[in-house]
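From a predicted model like this one, the values you see are computed outputs, not experimental measurements.
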Amino acid sequence: MSRFKSDFLRTLDERGFIHQISDEAGLDELFAKETVTAYIGFDPTAPSLHAGGLIQIMMLHWMQQTGHRPISLMGGGTGMVGDPSFKDDARQLMTIDTIESNIASIKRVFANYLSYGEGAKDAMMINNGDWLREINYLEFLRDVGRHFSVNRMLSFDSVKTRLDREQSLSFLEFNYMILQAYDFVELNKRYGCRLQMGGSDQWGNIVNGIDLGHRMGTPQLYALTSPLLTTASGAKMGKSLNGAVWLNPDMLSAYDFWQYWRNTEDADVSRFLKLYTTLPMDEIARLSALAGSEINEVKKILATEVTAMLHGRENAEQAAETARKTFEEGALADNLPSIDVAKGELEAGVGLLALIVKAGLAASNGEARRHVQGGAVRINDVAVSDERKVIGSGEVTADGVIKLSLGKKKHILVRPA
């Protein structure tokens with residue numbers, strides 16, 4: 001039996017989204033009696049979010065599904081400063097043009113999870129640059145800055161970790177938590193927002209906003225954080241051997257995204273089904289009870305469901321079919337990831353190690369060499385043990401490509417261009 005009476009908190013609780021809530025009873029009561037507006041802030045530090053941010057997007061998704069109004073807040077103002085929380089050193093400062101370009105690129109993903117519009121329960125996409133870039137500094141210090149205790153701010157873990165390191169915390173970054181707190185107050189004033197959600201590393205920043213709201217006369221505000229996720233083996237969510245698992249399709253294909261989830265560790269499958277899919281809980285319980293070789297089928301379901309939300313059902317099923325043909329039939333699927341290599345370059349011959357690096361299957365020649373020595377590399381499904389081998393136009397198959405494989409799950413088509 002859930003400890004919550006509101007649909008939203010009950011859903012988040014049973015699916016494993018809740019790490020901490022500032023006032024459980026008060027927030028549960030609020031969600032049970034009225035339509036609540038809540039927000040999560042997203043930093044525009046790159047042209048795409050990665051899979052590590054999916055847990056936040058799914059929280060907004062469930063909020064809307066249970067009848068409430070989510071706000072996805074883009075950090076067009078705070079992005080000019082950069083969140084220093086738990087960072088070893090200062091972020092590179094971005095120009096306004098870069099920030100705006102990143103926001104425009106990031107926005108495209110959200111419509112797959114949220115329904116935006118003008119209605120009472122439609123999601124809202126808001127940019128905090130709308131108010132932060134217009135701030136009068138002296139008025140801000142007088143009206144907002146006077147409510148902050150530097151002694152208290154210095155006690156936050158996110159600040160203390162930086163104070164103990166060589167890279168000092170700049171005054172610019174120190175202001176970030178004041179700006180984030182002010183966002184909460186401004187969103188309450190403009191849109192009646194009562195709740196800020198985020199990862200557990202944002203707890204101090206969110207509570208700061210609640211305190212500021214109290215001092216500036218807002219109604220009671222609330223905080224809800226999700227656990228910071230790592231995989232069962234301790235790897236950070238959203239990172240793979242080949243780098244970040246981007247959400248934007250122009251930065252990572254549906255097939256590669258599907259493969260990331262297909263490669264989920266056994267111990268994570270049940271947890272990820274709850275967090276990253278919309279499958280009913282009784283179906284997740286049934287799938288979670290499967291073991292042995294059947295767990296691989298469950299991983300395919302997980303991969304397809306997560307990919308379908310982001311890339312669409314058709315692309316997800318196509319990715320699953322590509323994987324099936326490649327791994328189960330040994331067939332050559334046209335929509336495998338590919339790279340182009342100039343025909344002249346292939347005719348002259350390309351070193352195997354250089355080709356492996358070019359294909360993104362290794363970060364360096366040394367890493368590529370270890371793969372070859374370990375027997376993990378195949379050309380056109382034939383194992384290659386000679387690290388000095390030169391790949392040329394003679395390896396191009398009747399399909400007009402060279403199939404380069406690393407292990408059983410990574411395949412790249414080399415296309416003469």
Side-chain angles (χ1 to χ4, degrees), residues 46-48 50-51 233 235 238-246 248-264 296 299-300 303 307 311 315 318-417:
S48 171
H50 61 66
S233 61
K239 297 289 173 71
S240 72
L241 291 173
N242 294 334
V245 181
W246 300 111
N248 280 33
D250 56 329
M251 294 178 68
L252 191 76
S253 70
Y255 175 80
D256 285 333
F257 187 77
W258 188 93
Q259 276 295 336
Y260 172 75
W261 297 98
R262 165 64 183 85
N263 293 336
T264 294
N296 285 325
K299 289 180 185 180
K300 292 174 191 175
T307 306
H311 291 276
N315 287 328
Q318 190 177 65
E321 178 61 12
T322 297
R324 189 188 67 78
K325 281 184 179 177
T326 305
F327 306 134
E328 294 172 18
E329 298 176 8
L332 197 62
D334 284 339
N335 50 348
L336 279 172
S338 65
I339 59 165
D340 291 335
V341 176
K343 283 182 182 175
E345 202 177 337
L346 272 178
E347 285 166 6
V350 182
L352 175 63
L353 301 185
L355 189 63
I356 294 170
V357 172
K358 187 179 178 72
L361 296 175
S364 65
N365 281 0
E367 185 184 340
R369 184 177 292 110
R370 288 191 291 276
H371 288 321
V372 175
Q373 290 170 348
V377 176
R378 296 190 310 287
I379 296 288
N380 297 328
D381 295 321
V382 177
V384 182
S385 57
D386 181 5
E387 65 194 52
R388 293 183 297 277
K389 184 176 177 63
V390 174
I391 309 301
S393 50
E395 272 82 18
V396 177
T397 66
D399 295 299
V401 295
I402 302 169
K403 183 181 177 187
L404 173 63
S405 305
L406 176 65
K408 293 179 179 178
K409 295 178 179 176
K410 292 184 178 175
H411 306 273
I412 302 286
L413 301 183
V414 179
R415 300 184 183 277

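- Rounded to the nearest 0.5 angstrom, T322 OG1 and N315 CG are separated by 10.0 Å.
- Counting heavy atoms from C-beta on, the side chains of I356 and V372 come closer than 4.5 Å.
- Atom-to-atom distance recorded for Q259:CD and T307:OG1 is 9.5 Å, nearest 0.5 angstrom.
- Using a 4.5 Å heavy-atom cutoff, the side chains of E321 and Q318 are not in contact.
- The closest side-chain heavy-atom distance from L361 to H371 is not below 4.5 Å.
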- Message: Apply side-chain contact (heavy atoms from CB on, under 4.5 Å) to residues L413 and K403 and explain how you reach the verdict.
- Response: CA-CA 5 Å; L413 301 183; K403 183 181 177 187; 4.3 Å; yes

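- Shortest non-hydrogen contact noted between A323 and Y255 is N-CE1, 3.9 Å.
- Looking at V350 and V390, their side chains never come closer than 4.5 Å, going by heavy atoms from C-beta outward.
- A donor-acceptor contact shorter than 3.5 Å links the side chain of R378 to the backbone of G407.
- Across all non-hydrogen atoms, the minimal contact from W246 to F257 is O-CD1, 4.1 Å.
- Annotation: side chain of R262 is in contact with side chain of N296 (closest heavy-atom distance under 4.5 Å).
- For the pair W258 and A303, the tightest heavy-atom approach, listed with the atom from each and the gap, is O-CB, 3.4 Å.
- The distance from atom CG of D386 to atom CG of L352, rounded to the nearest 0.5 Å, is 8.0 Å.
- Distance check: E367 CD to L353 CG gives 11.5 Å after rounding to the nearest 0.5 Å.
- With K299 contributing its side chain and T264 its backbone, the two residues share a donor-acceptor pair below 3.5 Å.
- When all heavy atoms of V357 and A368 are compared, the pair lying nearest together is CG2-CB, 4.4 Å.
- Using a 4.5 Å cut-off on side-chain heavy atoms (C-beta onward), I379 and L404 make contact.
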